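Since the structure comes first, as structure tokens, the remarks are kept for the end.
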Amino acid sequence: MATTTTPETAATETTPETYRAAVVHRFHDPLTVDHVPWRELAAGQVRVKVEASGLCHTDIHAAHGDWPVKPSPPFIPGHEGVGIVVELGPGVTEVAVGDRVAMPWLGYACGSCDYCVSGWETLCLEQKNMGYSIDGGFGEFAVAYARYVVKVPAGIDPFDAAPLTCAGVTTYKAVKVAGTRSSDLVAVFGVGGLGHMAIQYAAIAGGRVIAVDLIDDKLELARELGAEFTVNAAKEDPVQAIQALGGADQAIALAVSPRAFEQAYGSLRRGGTLVFVALPADNDVTLPIFETVLNGITIVGSIVGTRTDLREVFELHAAGKTHVTREIRPLAEVNEAIADVEAGRVTARIVFAP
Ligand SMILES: [Zn+2]
Ligand SMILES: [Zn+2]
């Protein structure tokens, strides 16, 4: 992607020469809202007029180049983009102009490898990721692959649909992977954009939820959303508190701190399952081998979810089973929003209006 400094021109409404988008030019530098060039659609692509785009912690890691596999600046972050299809590239049959779609992290996959054909497209080696290896939703427009967008059912507010597109589907899948069944005790570590959804999906699956965080406001939100127990890990040891309840059948690690992963491990009962979801910049966690073997512990990684998972997430929301806690901000305030998320000043999710 190349960026220009050309001011917005008076080109026709359907084909402006440029549009505004938030761009990462260099890791750790603030993003700049630039006028980026309108480009032609390739086969299978669609152009989406973005209505809402959520800010995920992954976008911040992308902008910092925190992870072992890094994006290549300049790039446009955002993998919770939702908007209306305004143009179809050659050969597109999956969606029509006027459809509202979500543009998730899994922006493209090959469609024919073992993973793709067995319902594990999220593990495809050929995958492209929105806002990371291809430009994402932090703009007035975005280009996506028609096969990998998911239609948003009528009646869902696009500002709700945006957080569901990553925070929702990722935690929905994590609860599926955890195997939560009725009466299971589920410990959710980290009540942010992801955690506030995880609590609801664990409860929908029949689990009794313990929410763990460091901030009382977030624990209050957790209770409102169905957590039966809460633990403030800044004030009490979550391992002790959860073991006192009998230990968790499943623990879901959503906080970007290796310490929280270790605590989540320690909170399990025998035969329990720990699901790794968050991706802290610090990539090291220390877990004991002996106890893992003797206690029959399962540790499993869970990355986002498939298109089917996202359809189910939208179905649940359309049926009124979930609540999205979010605040809307203008995309021009992207850097302030990132600072607020990093400082823990955001209760759940920020969603940008372009
Ligand atoms: Zn995300
Ligand atoms: Zn594949």
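Just follow the structure's listing: the first ligand is 1, and inside any ligand the first atom is 1. These figures come from a predicted structure and were not determined experimentally.
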Handout entry: Derivation of the side-chain contact (heavy atoms from CB on, under 4.5 Å) call for Leu194 and Thr170
Key = CA-CA 7 Å; Leu194 273 77; Thr170 298; 3.7 Å; yes
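Side-chain contact annotation: Asp160 with His317, donor-acceptor N/O pair under 3.5 Å present.
Counting heavy atoms from C-beta on, the side chains of Val188 and Val212 never come closer than 4.5 Å. With contacts defined as side-chain heavy-atom distances shorter than 4.5 Å, the pair Trp105/Met130 does not qualify.
Taking Tyr265 as the reference, nothing meets the ring pair (Phe, Tyr, Trp, His ring centres under 6.0 Å) condition, with sequence neighbours excluded. Considering only residues two or more places apart in sequence or on other chains, Phe229 meets the ring pair (Phe, Tyr, Trp, His ring centres under 6.0 Å) condition with none of them.
With waters neither drawn nor counted, the protein N/O/S atoms under 2.8 Å from the Zn ion (ligand 2) amount to 4.
The two atoms that bring Val24 and Ala63 nearest to each other are CG2-CB, 3.9 Å, heavy atoms only. Here the closest heavy-atom approach between residue Thr230 and residue Ala222 is recorded as CG2-CB, 4.4 Å.
Around the Zn ion (ligand 1), the protein N, O or S atoms closer than 2.8 Å are Cys56 SG, His79 NE2, Cys166 SG, listed by chain and residue number.
In this structure, Lys173 forms a cation-pi arrangement with Trp120, its terminal cationic atom sitting closer than 6.0 Å to the ring centre and no more than 45° off the ring axis.
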